[in-house]
Structure formats: C-alpha cells, structure tokens
Amino acid sequence: MQLRVQEATVDVAPGVSCAEALKQGLSGKKFKSAIACRVAGNGDGGVMLDLSAPVPDTAEELEPVMADSPEGLNIIRHSAAHIMATAVRRLFPGVKVTIGPAIENGFYYDFDYERPFTPEDLERIEEEMRKVVSENQPFSREVVSKDEAVKRFQAMGESYKIEIMDDLGGDVFSIYTNGDFVDLCRGPHLPSTGALHAFKLTHVAGAYWRGDEKRQMLQRVYGTAFADDKALKAHLKRLEEAAKRDHRKLGVQLDLFSFHEEAGPGMPLWHPKGMLIRTILEDFERKEHLRRGYNIVQGPIILRRELWERSGHYDNYRENMYFTEIDEQAYGIKPMNCLSHMLIYKTRVRSYRDLPIRMFELGMVHRHEKSGVLHGLLRVRSFTQDDAHIICRPDQLQDEITGVIRFVQDIMGLFGFEYELELSTRPEKSIGSDEDWERATEALENSLRNVGLPYDINEGDGAFYGPKIDIKLKDALERRWQCATIQCDFTLPERFDLYYVGEDGERHRPVMVHRVVLGAIERFIGVLIEHYAGALPTWLSPVQARILTVTEAQNEFAAKARDFLRAKGFRVEADLRNEKLGYKVREAQLEKIQFILVVGDKEVEAGGVNIRLRTGDNLGLQSLDETAARILADCEEPFKRGGMRYSFNYSGQV
RNA sequence: GCCAGCGUAGCUCAGUUGGUAGAGCAGCUGAUUCGUAAUCAGCAGGCCAGGAGUUCGAGUCUCCUCGCUGGCUCCA
C-alpha cells in the first residue's frame, strides 16, 4: 500500500498504525509539527483517524493535521481533558467523570465529587497532569459493543458514561484507554500523553449535569492548551491585555458611570462623560430612525397591571418584573416598550395604506434579572433599549425585515464590529399557528439570504410568540453578547386586537416586528468601550480636544482658542493648571483624548496650536481653522469609510 | 437562583502564628512658571462591606446578610 503525505510519499504495509504512517511521512521533513493524520479522497471528504488505529486498507492519501491548526488544537485540548481526568481520578478516589470537550481556547472536564475543588486542588491536579504527561501513556482506541462498554464502566463506577451511551443510542461505542484511565470517546487523540507540551488549568466552576439546573451540580475544571509553550504564553498575555480593556475598569478610569450597593445591583448611574457618550449615540439614533421612516414616540415607565396580564407578560415574566401600587391600583414597571406602541396604534382606525407604521422609542425598561447574571454594563436591571415596533401587512413583512437587517449592517459597519447572526426557530412552548410560524421564519431567512450575510440556525430557540434573528457582538474576552434582535410576533396583535382595514373594506390582522439595533444602550456602550479599549472614535468622544498650556502666560490665548473651537460645536477643554506640560500630556493621554493641543509662546505668537494625537503622532503647529478642519475630518472618517450603504453626514456635535 | 472565590482610604494594593491600620496615586495647602506620559514639601483621608459569635483581645477565626468576580442556568 502506498500513502501520500502531501508531497511526501511513504510506502507502508497494510494495517500499519496511523502513528507509524505519520512518522514515516514526517521523515520527509515537510510536517515537523503534524500531530495527527487524516485520510483524504475517500468520498466523504475525509475522516479523522486516531493515530493509534490501524490505517484502513481503503486509505490512499494521508493529510497531516498541523498542531497549530484549529483541528490540531482541538485534538490537543481534548487529549488534555483526558489527561486531566486521569490525574483527577488518581488524586480524588471516588470521583466520577462525565464529559470533557475541547472548547474555544481550551477545554474542560466535569466531575462529580463529594466536595467542590479548591484553587489548591487545581495546582495539585496540574502537577499530577505533568506526571501523566511524563509517563507518556499511549492513547489506544477500541470499538466495543454497548454491553461490553456498560460492563466496563459499571466496574469502574462511572454511571454517567452509561447514561451518555443510553442518550446517544447505538450498539457499538469507541473507547479510549491511556494508562489505567478508560473513557467513552469519539476521538481522535494525540498518539500519547507525552505529546501534550503546553497546558495550564485556569479555573474551577460549578456546572449542572446536562446543563439542567434541576439536576446535580458538577465541578467543572477549565484549562487551556496549545501546541507549544510560546503559543500558550501568547494566549495568557492576550488575556492580560484583554483585562485592561474591561469596560468596568475603564468606566472607573474614564469616569463614565458607576454602580452603588445603596442604589441596587444592576442599576448604573451615568456620570457627565458617560452620559455625553449616550447623548451623542441617542441623537445619532434618532436621526437615523427618522431618515428610515420611523416615528419617534414615548410611553410611560409604569402601566397598569391589567395591561401586562392581557399581554401575557404577567403570566410569563412576573418573577422578573417590578411592581408598584398607587391609589389601590396595581402597576407594573415596564420590561418592554411594545404595549404603549400598540395603544398608540389603536387610537384610530388604520388603513392598509397607512402600513407599515414604525414606532421608535428610546425606552427605559426594568427587568429583575437573576443576581448571578449581572455583569457591569453588559447585563443590568435598568436599561434603555433603542426599541421599535413595526406594524405591517403580512405581504410587507419580508421587506421590513430586510430593511432592519440593512440598518443593523450599516451601524455595525460604522463601528467596525464583527458580528454573528443567528436565526432562532419555533420552540416547544409556543403559541400561534404553524402557518404563521412558517411564513415568518421564511421571511426572516429570505431576508438573510437577500442581504447575503452568513448565519447560524438555532433550532427551537425562538421566543414563545415568534421566530427571531439575533446579532451577537464580542467583548474583550470574546464572550458573545446579544445586541441587535429582530423578532416576529403574531400574538400581541391578536391579544390587543390590532387591525387595519384592507382594500376589500374588511378588517385584517397586521404582523408586529419587535426590533432593536444597538440593543440596550448600556450594553452597547460597554461593548464599544472594550472594542476601542476606551479610545472612542472622535465623533463619540466626550472630550474631543484639550488645550494644554506650557505656562500660565498662555492661559488667555488658550481660553480663546477653546471658545473658538467650542463655537464651532466641538467638545473642547482647556487645562490651565500650573503643572508641567509633561504632566498634563500624561493625563490627557490616559483619558484617551484624541487631540492634545499644546500652546506655548511660539503658538501664541503664531495664533495656532501644536497638535499631538493620542497615538503619539505630532502634527506640528496648525492654525485654529486648520485644527477645526482636522477634528471635523476625524469625526466624519468612520462614516466615509467603505462598506457603508448610506452616506452619513454626522460629526457627533451636540 | 446554583457552585466557587473575593470585599482594607476616591483608585491600586500591603498588613507576620489574633495584640488595636500602612504605602503609592488621586484630593487639599504652599512653593515652583516649566515644551509633549508623573516637580517638590506639608496636610488630610478608614465603623477594615454590614451584623452576630469565639476570645482578655478580631482587619485576621466561625456563622449569617449584602455586594463584586469567574462559571452554570436564564435573558420576553
């Protein structure tokens, strides 16, 4: 039999182990870091082979899997999980293992043990793992009948593995052995434990068995592993850097917002600079909604409880709502803005000619989120949605959804965000006819296709009243946060008896689309801060420029220059303190101010300023007019960049 | 809500085996008038998250509550 490893051709005997085949292939020196191999060209695009398994006779070509490829990293990390389980079983007799997959940037394994693991345990486990690695135990694969597998796991007391097999179904299972540890596993793995070169355990956490909060809480141990030490160190360094971009840290440093135990958890308070960012963003949004044919409306923060009963929110989300009572009347503090919008719709009879009606509200809502989920600005209890409800005819649904997706596309492009789209379909608990669901899901999917954006399908993850599209952004640590969402709703128009008069003179039921673009302003600003590491684009910066004097002799001119720029609408401060220039520069730099304008005797004489950017670049002496032109150009730059569907003309001036 | 960890001055942190609270930065006062990331000196600043307990004595040990952090679950 002949095996080809990329350019290298190796002759191996039939039935030789894959590890041996790879070793021979590698002697061609083409794939120094290959850790596994794959059979290519066998019809279904190739299968991963375990290195310890014999090469099947059908094999023609072997493709190397490089250690630093996504596939290779998965193999390394999943093998690391097995090695961790091996170590844990040695250290903690009586522990039961459950599942241990590779995940983004690492791996974990869930254990059932009599007590939680401590950070000290983590160190011991890591140490024991190093021993397992140094023992260089080969991973070997066997395919056995279910009866045989059950017998073996029963003997080891591994009841979870049996439950997994029952859930998976099937008659035969592959099991992997290294040393005395046997695990139910699909594979593949490294050839042996000694091939794991760089790993680190990071933290322990509780996790429910099968992700079900009613079931056993297990101990999850997280770790990370890479092809080599250099890559591992680089990853840990990245995490350190990411921590510096944490919006909670920057929020304090830049004096944007705060939380108070006295005010209540999840209730942000906006300081002047943070509120200025919000104001600019909100102004921008109002303009963008108006130009897209939305109407701006506003409803009250509290509405009578009966209304929430009618909408179904009282039944479904009572636990997460705040209530109050006034004059013996029960009120609910709104967790959503749609009810007011529907009441506005109902104030008159609407014709088919009036639709679609798009109502936009920067609506402050309150949701009593579970205490454990709160996270800085990214998950709060009091927040403002850039919410809109589109009430339209069924035949308009598709175009309306497409319009919203394009809107989202524009905004995300403006900020240079990468985002993920998910289409969520009908959940088990839901209301509405099959026909409605199909039509709406199809409208959402068609729109996604029309716009040509890639998306994932999240089966059964829709809201109970309709399917939806979610747009997710990443924070500094690459955790995903839902921002924009587009949801179809057949229920509320029904419950509130919304109708329009059609061409035929009859009453018809409209469809309602709930949608947010930024999502919650709070969350969006949190993600923005992390995205830009606090250095916001000039149009959004609370302070666009600061004028620094070298000595007090220039204070008069500096104040004039400040007033000149302010009169043009820019947000400018003057630092007239009796401090050294270097000190003032440092402060401005730490505050991430884009334009640092230095004024000394030379500049006063020339009637200009010396421009230093936050990048450290020095643009030299510039006139005040030239300075104003530069600030403006900087404001408009993101709007002019490619990829935008509309040309904005917005400098963020307040 | 669940599991674990943490909570000392506005911020970042130190605080020996339990013996009565400390630094840097920020703030205030004064001096200094200075050219692109920290001028010097002085002053002030704390119910050690809150409560209960153990102890002659608790920032240090135990329990409860609150809050924060990392996960899990949830997210209309």
Side-chain angles (χ1 to χ4, degrees), chain A residues 108 110 115-122 202-222 243 246 248-249 252-253 255 258-266 308 311-321 334-338 365 367-376 378-381 385 461-466 468 470 477 479 481-482 485 487 489 491-492 514 519-520 523 548-555 577-591 596-603 610-614 616-618:
Chain A
Y108 68 78
D110 283 348
R115 64 162 177 84
F117 293 132
T118 63
E120 293 73 52
D121 291 335
L122 214 65
T202 52
H203 54 284
V204 282
Y208 301 107
W209 169 234
R210 296 263 125 158
D212 184 343
E213 66 181 324
K214 291 186 189 69
R215 303 188 72 172
Q216 175 81 18
M217 166 105 20
L218 305 170
Q219 298 301 314
R220 177 169 296 181
V221 182
Y222 284 93
D246 191 315
R248 292 165 300 191
K249 219 174 164 64
V252 174
Q253 279 166 20
D255 194 16
S258 57
F259 289 91
H260 301 262
E261 198 171 333
E262 307 92 298
W308 301 108
S311 71
H313 288 94
Y314 188 80
D315 284 343
N316 286 296
Y317 296 106
R318 193 179 350 177
E319 303 301 309
N320 297 314
M321 281 181 68
K334 68 172 175 179
M336 306 223 52
N337 304 298
C338 33
V365 297
R367 296 181 183 178
H368 188 260
E369 307 285 8
K370 286 182 182 175
S371 59
V373 305
L374 301 176
H375 183 98
L378 302 187
R379 190 81 182 266
V380 286
R381 287 178 170 163
Q385 295 179 303
D461 207 38
F464 70 92
Y465 52 69
K468 59 174 184 171
D470 288 329
L477 289 172
R479 288 176 292 211
W481 297 90
Q482 182 194 305
T485 178
Q487 312 181 344
D489 185 349
T491 314
L492 285 177
H514 308 249
R523 173 178 292 182
L548 314 183
T549 50
V550 178
T551 72
E552 285 177 349
Q554 299 91 36
N555 280 6
R577 293 174 304 168
N578 173 19
E579 293 289 350
K580 293 178 96 166
L581 181 61
Y583 183 82
K584 295 185 185 183
V585 168
R586 178 169 193 272
E587 281 200 345
Q589 198 77 44
L590 288 174
E591 286 175 51
I596 299 170
L597 309 177
V598 175
V599 175
D601 285 338
K602 273 183 284 181
E603 287 75 21
N610 187 290
I611 303 180
R612 176 197 163 108
L613 301 179
R614 65 183 161 206
D617 293 339
N618 196 313

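So that the names make sense, note that chain A is the first sequence line, chain B the second, and so on, each numbered from 1.
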Each base of RNA chain B marked ( ) or [ ] if paired in-strand (Watson-Crick or G-U under 3.5 Å), | if paired to another strand and . if unpaired gives (((((((..((((.....[..)))).(((((.......))))).....(((((..]....))))))))))))....
Side chain of Y465(A) (C-beta onward), nearest among C75(B), A76(B), G71(B): A76(B)
Any side-chain heavy-atom pair from E591(A) and Q253(A) closer than 4.5 angstrom? no
For the side chain of E579(A), counting heavy atoms from C-beta on, which of G71(B), G35(B), U39(B) is nearest? U39(B)
Please state whether the phosphate of G67(B), meaning OP1 or OP2, lies under 4.0 angstrom from any side-chain nitrogen or oxygen of H260(A). no
Checking S311(A) now: which residues fulfil side-chain hydrogen bond (donor to acceptor under 3.5 Å, both in side chains) with it, not counting sequence neighbours? H313(A)
Test for a donor-acceptor pair under 3.5 Å between the base of C74(B) and the side chain of R379(A), counting only N and O atoms. yes
Check whether any side-chain N or O of Y583(A) sits under 4.0 Å from OP1 or OP2 of C40(B), and answer yes or no. no
Sugar-phosphate, base or nothing in reach of G600(A), heavy atoms under 4.0 Å: base
Has R220(A) got its NZ or CZ under 6.0 Å from the middle of the six-membered ring of Y108(A), at an angle within 45 degrees of the ring axis? yes
May I ask you to decide whether R577(A) forms a salt bridge with E587(A), counting only side-chain N to carboxylate O separations under 4.0 Å? yes
Considering heavy-atom distances to RNA chain B, does V599(A) or R523(A) have its closest nucleotide positioned more toward the 5' end? V599(A)
Does any N or O in the side chain of T549(A) come within less than 3.5 Å of the main-chain N or O of E552(A), such that one atom is a donor and the other an acceptor? no
Sticking with atom P, work out how far C64(B) lies from A26(B), rounded to a whole angstrom. 42 Å
Measuring to OP1 and OP2 of C68(B), would you say a side-chain N or O of R248(A) lies under 4.0 angstrom away? no
In the 5'-to-3' direction, what one-character label does each nucleotide of nucleotides 2-14 of chain B receive under the scheme B = base within less than 4.0 Å of a protein heavy atom, S = sugar-phosphate only, - = no such atom? BBS----------
Does R220(A) have a side-chain nitrogen or oxygen under 4.0 Å from the phosphate oxygens OP1 or OP2 of G70(B)? no
Closest of G35(B), U32(B), A37(B) to the N578(A) side chain is U32(B)
Side-chain contact check for R612(A): nearest option of U36(B), C75(B), A76(B) is U36(B)
Students often get this wrong, so: under 4.0 angstrom with heavy atoms, is N610(A) touching a base, only sugar-phosphate, or nothing? base
Taking only the P atom of each, what is the distance from G67(B) to A41(B) in whole angstrom? 44 Å
Is any N or O donor-acceptor pair between the side chain of E603(A) and the base of G35(B) shorter than 3.5 Å? yes
Could you tell me how far A58(B) sits from G15(B) if I compare only their C1' atoms? Round to whole Å. 14 Å
Of the candidate nucleotides C68(B), U36(B), G70(B), which contains the atom at the shortest distance from the side chain of P265(A)? C68(B)
Mind checking if Y108(A) touches a base, just sugar-phosphate, or nothing, with heavy atoms under 4.0 Å? nothing
CE of M336(A) versus C1' of C75(B): gap in Å, rounded? 11 Å
Using the C1' atom in both, what is the distance from G10(B) to G46(B), to the nearest Å? 12 Å
Is any side-chain heavy atom of V599(A) closer than 4.5 Å to a side-chain heavy atom of L548(A)? no
Rounded to whole Å, please give me the gap between NE2 in H375(A) and C1' in G67(B). 16 Å
Counting any heavy atom closer than 4.0 Å, what does H313(A) reach on the DNA or RNA strands: base, sugar-phosphate only, or nothing? base
When you compare the side chain of R479(A) with that of H375(A), does any pair of heavy atoms fall below 4.5 Å? yes
Any luck finding a side-chain donor-acceptor pair between N320(A) and H368(A) under 3.5 Å? no
Side-chain donor or acceptor of N320(A) under 3.5 Å from a matching atom on the base of C75(B)? no
Counterpart residues, side-chain hydrogen bond (donor to acceptor under 3.5 Å, both in side chains), relative to R367(A) (two or more places apart): none
Within this structure, what is the CG-to-P distance between L374(A) and C74(B), rounded to whole angstrom? 17 Å
Separation of atom NE2 in H368(A) from atom C1' in A76(B), rounded to whole Å: 16 Å
OP1 or OP2 of A76(B) less than 4.0 angstrom from a side-chain nitrogen or oxygen of K468(A), does that happen here? yes
Does R479(A) place a side-chain N or O at less than 4.0 Å from the phosphate oxygens OP1/OP2 of G70(B)? yes
Contact class for L548(A) vs. all strands (heavy atom < 4.0 Å): base, sugar-phosphate, or nothing? nothing
Using the P atom as the reference point in each nucleotide, state the distance between U39(B) and C34(B) in Å, no decimals. 15 Å
Looking at U33(B), A76(B), G35(B), which one has an atom nearest to any side-chain atom of K602(A)? G35(B)
What's the CD-P distance between Q554(A) and U36(B), to the nearest Å? 13 Å
Applying ring pair (Phe, Tyr, Trp, His ring centres under 6.0 Å) to Y314(A) and not counting sequence neighbours gives F323(A)
Kindly write out the residues that satisfy side-chain hydrogen bond (donor to acceptor under 3.5 Å, both in side chains) with Q385(A), not counting sequence neighbours, or none if the list is empty. N337(A)
Which whole number of Å gives the distance between the C1' atom of U17(B) and that of G53(B)? 22 Å
For Q487(A), which contact category applies under a 4.0 Å heavy-atom criterion: base, sugar-phosphate, or nothing? sugar-phosphate
Measuring only between side-chain heavy atoms, which start at C-beta, is R612(A) closer than 4.5 Å to D617(A)? no
Just so I know, are the side chains of L122(A) and V221(A) near enough to count as touching, which here means a heavy-atom distance under 4.5 Å? yes
Nearest to the K370(A) side chain among C74(B), U39(B), U33(B), which nucleotide is it? C74(B)
Rounded to the nearest Å, what distance is computed from the NZ atom of residue K580(A) to the C1' atom of nucleotide C34(B)? 6 Å
Here the distance between atom P of C66(B) and atom CD of E262(A), to the nearest Å, is 16 Å
Provide, to the nearest angstrom, the distance between the CZ atom belonging to R577(A) and the C1' atom belonging to G27(B). 12 Å
Pairwise C1' distance for G45(B) and C28(B), with rounding to whole Å: 10 Å
Would you measure the distance from the P atom in G1(B) across to the matching atom in U65(B) and give it in whole Å? 11 Å
At 4.0 Å (heavy atoms only), tell me whether P335(A) reaches a base, stays on the sugar-phosphate, or touches nothing. base
